[in-house]
Amino acid sequence: MAQEDVFKKLVAHCKEYGYVFPSSEIYDGLAAVYDYGQYGVELKNNIKRYWWDSMVLLHENVVGLDSAIFMHPTIWKASGHVDAFNDPLIDNKDSKKRYRADVLIEDHIAKYEEKIEKEVAKARKRFGEKFDEALFRQTNPQVQVHRQKKEELTARMAKALNDNDLAELRQIIVDNKIVCPISGTCNWTEVRQFNLMFSTEIGSTADGASKIYLRPETAQGIFVNFLNVQKTGRMKIPFGIAQIGKAFRNEIVARQFIFRMREFEQMEMQFFVRPGTELEWFKKWKETRMSWHQTLGFGAENYRFHDHEKLAHYANAATDIEFRFPFGFKEVEGIHSRTDFDLKRHQEFSGKKIQYFDPELNESYTPYVIETSIGVDRMFLQVVAAAYTEEEIEKEDGSKDLRVVLKLPAALAPIKLAVMPLVKKDGLPEKAEEIMQALRLDFRCQYDEKDSIGKRYRRQDAIGTPFCITVDHQTLEDNAVTIRYRDTMQQERVAIDQLPDILRKKTDMRELLKQIKL
Ligand code: ATP
């Protein structure tokens, strides 16, 4: 199946099974805004907990913060967002559709990558077992041509972005004959800058309302609280401050479901270090964050680092962790060495001294900062995209059937256990209820007695419930149930009093946390 079709199915699945709904749906929706349903909110909370615990439980020197969304407007002047938080936009005159010029070019670059992969796949088929992929990638003339074009275009775009050269960005689009996917034409407007911040007013007009912004990132709330946390927490450098919260960006193009939203949530951690040590810490956090992702078990080959060609004005090193989504490798997380830019600017704009006295060096300085920044929603998409599986299975009568299953890591699954009486009578529902009562404080359980057992299993597979237990007549005699494992569909008989142990071992978030390389 084409990857685009897989993605469409995934979006439909998320809606059908109560994970993600379009916002304001009965009013025909609101572009790039989504609501999380009954299972979505649980998965989202579990993702946030996995991140939060990996920061504040695993690192004694990382503490949390919850700063307000509204902040003093000068903060966004100081951070550079008022003047420079822009995207280059371009319109197609025929379709009247609006695009980000850099994204149009990036999509074109990705096509060269796809062409390379196609050549490799063709050759693999042709040469079979003898195929030496590394050699082929190095020497095949067709691959070389695509790679060279890709590199040239990447460098040209990076230069145009770095120089803020909007005319050159347009020229790249024209030279490469990049067309609008809707109209198919190259009839483009000029490229203009567009500020992504939403603004609103605080205070009533009578009092003299003033313009404020909805924060486009959570990081600035951390910077302006640096001294508060450092002093009240008696924190010693190096230390970090972690925060989870909403951020808002008036994205030009709303696409790809919850990948790019106008209201979204970020999990950000700013790690304050001695100047001169920042690149070591940058390296360390790169490794730790990659390990956090890979511990979920979706396959190391589905992740890669992508170092930035264009460094933001404040950064001296930056990389993205990219995941292989159904629409290609895309950023899920950014790791940035932000130097002392933000703290220095806040010192300058606020007129308050923001420095740290280092008792070991006996001197004061402005700390340097390593930032790890990941979108909750993008992470959510990564998890469901990796978990969504369609399997052909054989039914008892020998016919084939399609099983749709969300192979979520058990610790993240919204529902851990479904409890099912085989029939709705003979005291089985009461026994099932009794089991639910005993487990519900430790594990999110769901009771299900409607339809055949087979249908109920499928329903739980689609939600991603890792364990189902069936209560049958024999249960009333031997106090044992059948447990069925989602991924293997294997079933075994276990004593009811063993259930807490079995479930704890498999669903405990601590088992994941222990595996992260710090
Ligand atoms: P992009 O290049 O995709 O616009 P970015 O580089 O501007 O993203 P950052 O400012 O580094 O993103 O934000 C950190 C993280 O926040 C991203 O890695 C992503 O996971 C998340 N994020 C950013 N913008 C959005 C958005 N509009 N919707 C959902 N998540 C987002």
Side-chain angles (χ1 to χ4, degrees), residues 20 23 30-36 40 44 47-48 51 76 79-81 84-89 99-107 109-110 157-158 161 194-198 214-222 242-270 282 285-286 289-290 292-293 303-315 317-323 325 327-338 341-342 369-385:
V20 183
S23 157
L30 184 65
V33 187
Y34 289 89
D35 298 335
Y36 287 84
K44 206 173 173 211
I47 290 172
K48 288 195 262 186
W51 183 87
W76 304 109
S79 67
H81 283 81
F85 194 53
N86 300 322
D87 274 343
L89 71 83
Y99 299 92
R100 250 172 77 176
D102 56 334
V103 172
L104 278 179
I105 302 170
E106 268 169 13
D107 288 350
I109 292 172
M157 178 180 77
L161 288 172
F194 176 76
N195 192 288
L196 299 184
M197 279 199 295
F198 283 101
L214 298 190
R215 66 180 177 200
E217 61 173 31
T218 62
Q220 297 304 323
I222 296 180
Q243 161 152 257
I244 300 179
K246 288 272 183 164
F248 304 83
R249 295 182 189 179
N250 198 1
E251 297 282 359
I252 298 172
V253 190
R255 270 198 316 184
Q256 287 155 338
F257 193 36
I258 54 173
F259 183 83
R260 190 173 299 288
M261 303 159 88
R262 297 205 164 106
E263 172 180 342
F264 58 103
E265 216 168 346
Q266 288 186 314
M267 307 189 276
E268 296 198 297
M269 195 276 304
Q270 310 293 326
F282 175 70
W285 278 108
K286 262 175 82 169
R289 293 305 304 147
M290 185 58 104
W292 182 87
H293 284 275
Y303 298 87
R304 69 181 187 194
F305 286 115
H306 171 244
D307 295 331
H308 285 204
E309 284 92 30
K310 181 199 177 201
L311 285 179
H313 53 283
Y314 50 73
T319 195
D320 295 334
I321 293 179
E322 294 187 338
F323 178 72
F325 286 96
F327 40 86
F329 270 103
K330 294 276 177 207
E331 168 183 349
V332 215
E333 172 156 6
I335 300 160
H336 311 123
S337 173
R338 287 179 83 126
F341 174 83
D342 300 88
V369 174
I370 303 303
E371 162 182 85
T372 72
S373 172
I374 172 169
V376 179
D377 314 84
R378 233 176 247 191
M379 184 62 200
F380 184 109
L381 187 58
Q382 172 189 318
V383 170
V384 288

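Remember, it's 1-based here, ligands and their atoms both numbered in the order they're listed. Positions are given from 1, in the same order as the sequence printed here.
Here CE of Met290 is found 4.0 Å from CZ of Phe305. Values are rounded to the nearest 0.5 Å. Rounded to the nearest 0.5 Å, atoms CG (Leu89) and OH (Tyr99) are 12.5 Å apart.
What sits closest to atom 13 (O) of ligand 1 on the protein, heavy atoms only, is Gln266 NE2, 3.5 Å. Protein heavy atom at the shortest distance from atom 17 (C) of ligand 1 is Glu331 OE2, 3.3 Å. Distance from atom 7 (O) of ligand 1 to its nearest protein heavy atom, with residue and atom name: Arg249 NH1, 3.1 Å. Protein heavy atom closest to atom 22 (N) of ligand 1, with residue, atom name and distance, is Phe264 CE1, 3.5 Å. Scanning the protein for heavy atoms near atom 14 (C) of ligand 1, the closest one is Ser373 OG, 2.9 Å.
Every atom of ligand 1 is numbered from 1 in the order shown, and the set under 4.0 Å from a heavy atom of Phe259 is 28 (N), 29 (C), 30 (N). Every atom of ligand 1 is numbered from 1 in the order shown, and the set under 4.0 Å from a heavy atom of His336 is 11 (O). Atoms of ligand 1 lying under 4.0 Å from at least one heavy atom of Arg100, given by number and element, are 4 (O). Applying the 4.0 Å criterion to heavy atoms of Met261 picks out, from ligand 1, the atoms 26 (C), 27 (N), 28 (N), 29 (C). Near Glu251, the atoms of ligand 1 lying under 4.0 angstrom from a non-hydrogen atom of the residue are 24 (N), 26 (C), 27 (N). Atoms of ligand 1 found under 4.0 Å from any heavy atom of Glu333, numbered from 1 in the order shown, are 18 (O).
The proximity of Asp320 to ligand 1, defined as any non-hydrogen pair under 4.0 Å, does not occur for either the backbone or the side chain. Of all the heavy atoms of Arg262, none lies under 4.0 Å from any atom of ligand 1, so neither backbone nor side chain is involved. With a 4.0 Å heavy-atom cut-off, ligand 1 is reached by the backbone of Arg260 and by its side chain too. Counting heavy atoms under 4.0 Å from ligand 1, residue Glu217 does not touch it at all. Under 4.0 Å from ligand 1, not a single heavy atom of Glu265 appears.
When the salt bridge (Lys or Arg N to Asp or Glu O under 4.0 Å) test is applied to Glu265, the partners found at least two apart in sequence or on another chain are Lys44, Lys48. Among residues two or more places apart in sequence or in another chain, the salt bridge (Lys or Arg N to Asp or Glu O under 4.0 Å) test is passed with Arg100 by Asp87, Asp102, Glu251.
Taking the centre and axis of the six-membered ring of Trp285, the NZ or CZ atom of Arg289 falls outside the cone set by 45° and 6.0 Å. A cation-pi contact, defined as under 6.0 Å to the ring centre and within 45° of the axis, links Arg304 to Phe329.
Considering both main-chain and side-chain atoms, Glu268 never comes within under 3.5 Å of ligand 1 through any nitrogen or oxygen pair.
Judged purely by atom type and a 3.5 angstrom limit, Asn195 uses its side chain to pair as donor or acceptor with the backbone of His81.
Using a 4.0 Å heavy-atom cutoff, Val332 is listed among the residues neighbouring ligand 1.
A distance of 6.0 Å or more separates the ring centres of Phe264 and Tyr34. A ring-centre distance under 6.0 Å is found for Phe327 and Phe325.
For the residue pair Glu268 and Trp51, the shortest heavy atom distance occurs at O-CH2, 3.4 Å.
Just one of Thr319, Asp320, Ile374 meets the side-chain contact (heavy atoms from CB on, under 4.5 Å) condition when paired with Glu333; it is Ile374.
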